[in-house]
Participant: 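One structure, pasted below without further comment.
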Amino acid sequence: MKKIILICALILAIWNYFEEQKPTPENRSGLLSYFVQSVKGTVVQKKPEFHCDGRVYCAQMKSRAEAEFFLEFCPGTYLDDNNNGIPCENDSRF
């Protein structure tokens with residue numbers, strides 16, 4: 001009987017230790033935070049830095065990041081002439 005009580009106490013102590021060590025949203029960072037939140041189904045989307053506003057050509061883009069956003073989220077763009085997923089790869093500005 002003493003062994004059972006000792007084992008239960010040990011399991012309870014280990015359980016409490018790991019409960020205290022759980023990361024909170026405040027101390028998570030980067031990819032780990034995204035993974036943990038996405039597993040829970042509560043991914044918080046960051047406000048997009050860009051928005052679709054009718055621009056469709058590389059010459060109208062101000063940065064590579066902007067071109068990547070437009071290629072992924074805005075329909076009807078002409079940013080990837082060889083369909084390899086890299087926008088404006090021949091634009092020397094980027």
Side-chain angles (χ1 to χ4, degrees):
M1 185 66 174
K2 288 182 181 180
K3 288 182 183 181
I4 294 175
I5 293 173
L6 183 59
I7 292 172
C8 290
L10 182 60
I11 291 172
L12 185 59
I14 293 171
W15 180 273
N16 285 335
Y17 172 78
F18 283 107
E19 283 295 314
E20 290 173 2
Q21 300 302 317
K22 273 188 184 176
T24 62
E26 294 81 28
N27 66 8
R28 291 185 188 131
S29 63
L31 187 58
L32 176 62
S33 174
Y34 179 81
F35 175 75
V36 170
Q37 291 174 353
S38 65
V39 168
K40 288 183 174 180
T42 59
V43 173
V44 178
Q45 295 290 331
K46 290 194 307 185
K47 183 178 178 184
E49 193 173 328
F50 310 109
H51 63 279
C52 299
D53 57 9
R55 293 181 286 155
V56 294
Y57 298 107
C58 289
Q60 299 170 316
M61 301 296 132
K62 296 175 184 156
S63 68
R64 167 85 59 194
E66 186 175 47
E68 290 171 352
F69 174 86
F70 271 75
L71 181 64
E72 184 173 351
F73 297 107
C74 306
T77 60
Y78 302 103
L79 303 174
D80 186 10
D81 56 351
N82 59 358
N83 295 318
N84 66 351
I86 302 171
C88 306
E89 58 192 325
N90 297 322
D91 194 325
S92 61
R93 295 177 300 150
F94 310 131

Participant: For a quick test of reading the model, state the closest non-hydrogen atom pair linking Cys52 to Phe73 and the distance between them.
Facilitator: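 Heavy-atom minimum between the residues: SG-O, 3.7 Å.
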Participant: Using 0.5 Å steps for rounding, measure from the CZ atom of Arg64 to the CG atom of Leu71.
Facilitator: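 Rounded to the nearest 0.5 Å, the CZ-CG separation comes to 10.5 Å.
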Participant: Determine, stepwise, if the pair Cys88 / Phe70 fulfils side chain to side chain contact (heavy atoms under 4.5 Å, CB included).
Facilitator: CA-CA 11 Å; Cys88 306; Phe70 271 75; over 6 Å; no
Participant: Measure the acute angle between the ring planes of Tyr78 and Tyr57, then classify it against the limits of 30° and 60° as parallel, tilted or perpendicular.
Facilitator: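 It falls in the parallel class, under 30°.
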Participant: Counting C-beta onward and ignoring hydrogens, is there a side-chain heavy-atom pair between Leu79 and Gln60 closer than 4.5 Å?
Facilitator: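 No, their side chains stay 4.5 Å or more apart.
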Participant: Test: side chain to side chain donor-acceptor pair (under 3.5 Å). Region: residues 85-94. Which pairs qualify, not counting sequence neighbours?
Facilitator: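 The answer is Asn82-Glu89, Asn84-Glu89, Asp91-Arg93.
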Participant: Please write out which residues are connected to Met1 in a hydrophobic cluster, directly or through intermediates, given that two of Ile, Leu, Val, Met, Phe, Trp, Tyr count as joined at side-chain heavy-atom separations below 4.5 angstrom.
Facilitator: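 Cluster partners of Met1: Ile5.
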Participant: Tell me the salt bridge (Lys or Arg N to Asp or Glu O under 4.0 Å) pairs involving residues 68-86, sequence neighbours left out?
Facilitator: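 Of all non-adjacent pairs touching residues 68-86, none passes salt bridge (Lys or Arg N to Asp or Glu O under 4.0 Å).
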